[in-house]
*Asks:* 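For reference, the structure I am asking about is given below.
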Amino acid sequence: MRTTSLEKRTLADLGYPVAAGVLRTIQLLEERYGASDYHDSGHTQTAPTWIFKLPRYRNAEVGVRMNKRDTTLYMRDRTFEGKRLRDLIPAGKVAKVYPRDGKPANSVLNSVYLGPSASNEVLMLELEPNDVEAVLAAFFGKGGENSGVSAAAGERPGGDETVTGKGNRAGLTEEDFASLLERRSETGRAGEMLVILDEMARLRACGCPRPEDYVKRVAESDVGCGYDVASTWPGEERCIEVKTTTCPGSDFFLTANEREVLGQLGERAWIYRVEADGNRGGEIVARLNDPMGKIAEAQMTPAVWRVPNCVFDG
């Protein structure tokens, strides 16, 4: 198999023969599904999990453990046809469901596509070699190069953008809308991971010996927290709300809860503006401290109104 970086290990670099099911998985991912790159976290010398990227399938990812005997895959539970993968395969093949069953390997946990959350359950599958082809076929189905709403066709996906225009609404199916929301979630998660890496680098420069112990993605466990990333090293605390977009210069949105929480936090509150490139990359283009103390009320436009249920009474 090929590699795209001198830092990546090849199968020969592992120093041991991997299982037949692992070899079969890699062969199918590369030859049938077009895997062109993979991520090797390098955190373990034996049985690391490699994350294979599939550009033809909206940059989907499949995690493969480089085991000597067993065939272990990490895959999203939601297939390209909107079904639950665990409903399509024998229950005995599903070893764990994340985040319900804890945390997976770091390379999976930190993956933009595979990173588990309440809205993105990820399966750890224990398979036999002859299971692999059927499981991959069940996941990808008829999805592929033409699946979903194409950004090249005029869509502007991003963490903050809304669907606008009568033409878009008229042609947006329920499946397309679900796919759009999923991609927005991926874009937002990519922005949060970029901010986490940036914040760990900042703390390291401030003298923090283990910044990974102090920077957490709280949005994963508490969606009502009011911000996305907590940085808690004493004296350098920041509560960071991340606003990610793929459209430079676009507006962003704050919920009522975010406004209230960020206002209460005062000097500890930050908004980071991230411009993502749609391929797990991007950059932080702006940082605003104490945002609710600096954003004038007149600069914010109401976009959502709460309507009480009593309007239906009488």
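Everything numeric in this text was worked out from a predicted model, so none of it was measured.
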*Asks:* Regarding Asp131 and Lys93, does a basic nitrogen lie under 4.0 Å from an acidic carboxylate oxygen?
*Replies:* yes
*Asks:* Looking at Arg84, Arg78, Arg86, which hits salt bridge (charged side-chain N to carboxylate O under 4.0 Å, His left out) with Glu121?
*Replies:*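 Answer after filtering Arg84, Arg78, Arg86: Arg86.
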*Asks:* With Val274, which of Ile284, Thr245, Val285 fulfils side-chain contact (heavy atoms from CB on, under 4.5 Å)?
*Replies:*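 Of the listed residues Ile284, Thr245, Val285, the side-chain contact (heavy atoms from CB on, under 4.5 Å) partner of Val274 is Ile284.
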*Asks:* Considering all heavy atoms of both residues, which atom of Arg56 and which atom of Gly34 are nearest to each other, and what is their separation?
*Replies:*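 Of all heavy-atom pairs spanning Arg56 and Gly34, the closest is NH1-CA, 3.5 Å.
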*Asks:* Enter the distance from Cys239:SG to Trp270:CH2 here, rounded to the nearest 0.5 Å.
*Replies:* 11.5 Å
*Asks:* Could you go through Lys216 and Val229, starting from their C-alpha distance and side-chain angles, then the distance that decides it, and tell me whether this counts as side chain to side chain contact (heavy atoms under 4.5 Å, CB included)?
*Replies:* CA-CA 6 Å; Lys216 304 297 180 184; Val229 176; over 6 Å; no
*Asks:* Start with the C-alpha gap between Thr71 and Glu128, add the side-chain angles, then the distance that decides, and say whether side chain to side chain contact (heavy atoms under 4.5 Å, CB included) holds.
*Replies:* CA-CA 6 Å; Thr71 304; Glu128 298 297 327; over 6 Å; no
*Asks:* Could you check if a side-chain atom of Leu73 sits within less than 4.5 angstrom of a side-chain atom of Thr25, using non-hydrogen atoms only?
*Replies:* yes
*Asks:* Is the shortest heavy-atom distance from the side chain of Trp233 to the side chain of Cys206 under 4.5 Å?
*Replies:* yes
*Asks:* Which of these, Tyr113, Tyr33, Tyr38, sits in a ring pair (Phe, Tyr, Trp, His ring centres under 6.0 Å) with Phe52?
*Replies:* Tyr38
*Asks:* Any side-chain heavy atom of Trp50 within less than 4.5 Å of one from Leu11?
*Replies:* yes
*Asks:* For residues Met66 and Ile26, report the shortest heavy-atom separation together with the two atoms involved.
*Replies:*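 Looks like CE-CD1, 4.1 Å.
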*Asks:* Which atoms form the tightest heavy-atom contact between Leu85 and Ala138, and what is the distance?
*Replies:*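 Answer, listing the atom of Leu85 first, then Ala138: CD1-CB, 4.0 Å.
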*Asks:* CZ of Arg65 to OG1 of Thr49: how many Å apart, nearest 0.5 Å?
*Replies:* 4.5 Å
*Asks:* Mind checking the CG-OG1 spacing from Leu127 to Thr72? Nearest 0.5 Å is all I need.
*Replies:*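 Those atoms lie 7.5 Å apart.
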*Asks:* How long is the straight-line distance from OG of Ser231 back to OH of Tyr214, given to the nearest 0.5 Å?
*Replies:* 10.5 Å
*Asks:* Check whether any side-chain heavy atom of Val108 sits under 4.5 Å from a side-chain heavy atom of Lys103, and report yes or no.
*Replies:*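 The answer is no, as the side chains (C-beta and beyond) never meet within the 4.5 Å cut-off.
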*Asks:* Give a yes or no answer on whether the side chain of Gln299 reaches the backbone of Ala296 with a donor-acceptor pair at less than 3.5 Å.
*Replies:*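 Flag set: sc Gln299 to bb Ala296 pair under 3.5 Å.
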*Asks:* Could you go through Glu258 and Lys243, starting from their C-alpha distance and side-chain angles, then the distance that decides it, and tell me whether this counts as salt bridge (Lys or Arg N to Asp or Glu O under 4.0 Å)?
*Replies:* CA-CA 12 Å; Glu258 288 168 352; Lys243 295 300 179 183; 3.1 Å; yes
*Asks:* Could you check whether any side-chain heavy atom of Leu28 comes within less than 4.5 Å of a side-chain heavy atom of Val132, counting everything from C-beta outward?
*Replies:* yes
*Asks:* What distance do Ser117 atom OG and Tyr98 atom OH have between them, rounded to the nearest 0.5 Å?
*Replies:*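 The OH atom of Tyr98 is 15.0 Å from OG of Ser117, to the nearest 0.5 Å.
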*Asks:* After noting the C-alpha distance and the side-chain angles of Arg217 and Asp228, does the key distance pass the side chain to side chain contact (heavy atoms under 4.5 Å, CB included) rule?
*Replies:* CA-CA 6 Å; Arg217 180 173 172 251; Asp228 299 307; 5.9 Å; no
*Asks:* List in chain and number order the residues that pass salt bridge (Lys or Arg N to Asp or Glu O under 4.0 Å) with Arg287, two or more places apart in sequence or in another chain; answer none if no residue qualifies.
*Replies:*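 By the salt bridge (Lys or Arg N to Asp or Glu O under 4.0 Å) rule, Arg287 matches Asp198.
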*Asks:* Is any side-chain heavy atom of Phe252 closer than 4.5 Å to a side-chain heavy atom of Ile271?
*Replies:*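 In contact.
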*Asks:* Work out which heavy atom in Glu61 is nearest to a heavy atom in Leu114; give both atom names and the distance.
*Replies:*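 Scanning both residues, the minimum pair turns out to be O-CD2, 3.5 Å.
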*Asks:* Is the shortest heavy-atom distance from the side chain of Ile196 to the side chain of Met200 under 4.5 Å?
*Replies:* yes
*Asks:* Verify the neighbour count for atom CZ of Arg202: are there more than 12 heavy atoms of other residues, nucleotides or ligands below 6.0 Å?
*Replies:*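 Above 12, so yes.
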*Asks:* Does the side chain of Tyr227 come under 3.5 Å of the side chain of Arg238 through a donor N or O and an acceptor N or O?
*Replies:*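 Arg238 and Tyr227 do not have a side-chain donor-acceptor pair below 3.5 Å.
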*Asks:* Let's go through Leu29 and Val64 carefully: what are the C-alpha distance in whole Å and the side-chain angles of both, what is the deciding distance for side chain to side chain contact (heavy atoms under 4.5 Å, CB included) to 0.1 Å, and is it a yes or a no?
*Replies:* CA-CA 10 Å; Leu29 289 175; Val64 185; 4.1 Å; yes
*Asks:* Are the side chain of Asn67 and the backbone N or O of Ala19 linked by a donor-acceptor pair below 3.5 Å?
*Replies:*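 Here the side-chain-to-backbone pair does not exist.
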*Asks:* Determine whether Glu133 and Arg32 make a side-chain contact, defined as any pair of heavy atoms from C-beta on separated by less than 4.5 Å.
*Replies:*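 Yes. Closest side-chain heavy atoms under 4.5 Å.
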*Asks:* To check you understand the geometry: which heavy-atom pair defines the closest contact between Tyr16 and Pro48, and what is its length?
*Replies:*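 The answer is OH-CD, 3.7 Å.
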*Asks:* Got more than 12 heavy atoms from elsewhere within 6.0 Å of CZ, Arg24?
*Replies:*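 Above 12, so yes.
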*Asks:* Please name the pair of heavy atoms, one in Gly235 and one in Glu237, separated by the smallest distance, quoted to 0.1 Å.
*Replies:* N-OE1, 3.1 Å
*Asks:* To the nearest 0.5 Å, what is the distance between OG1 (Thr232) and CG (Asp213)?
*Replies:* 9.0 Å
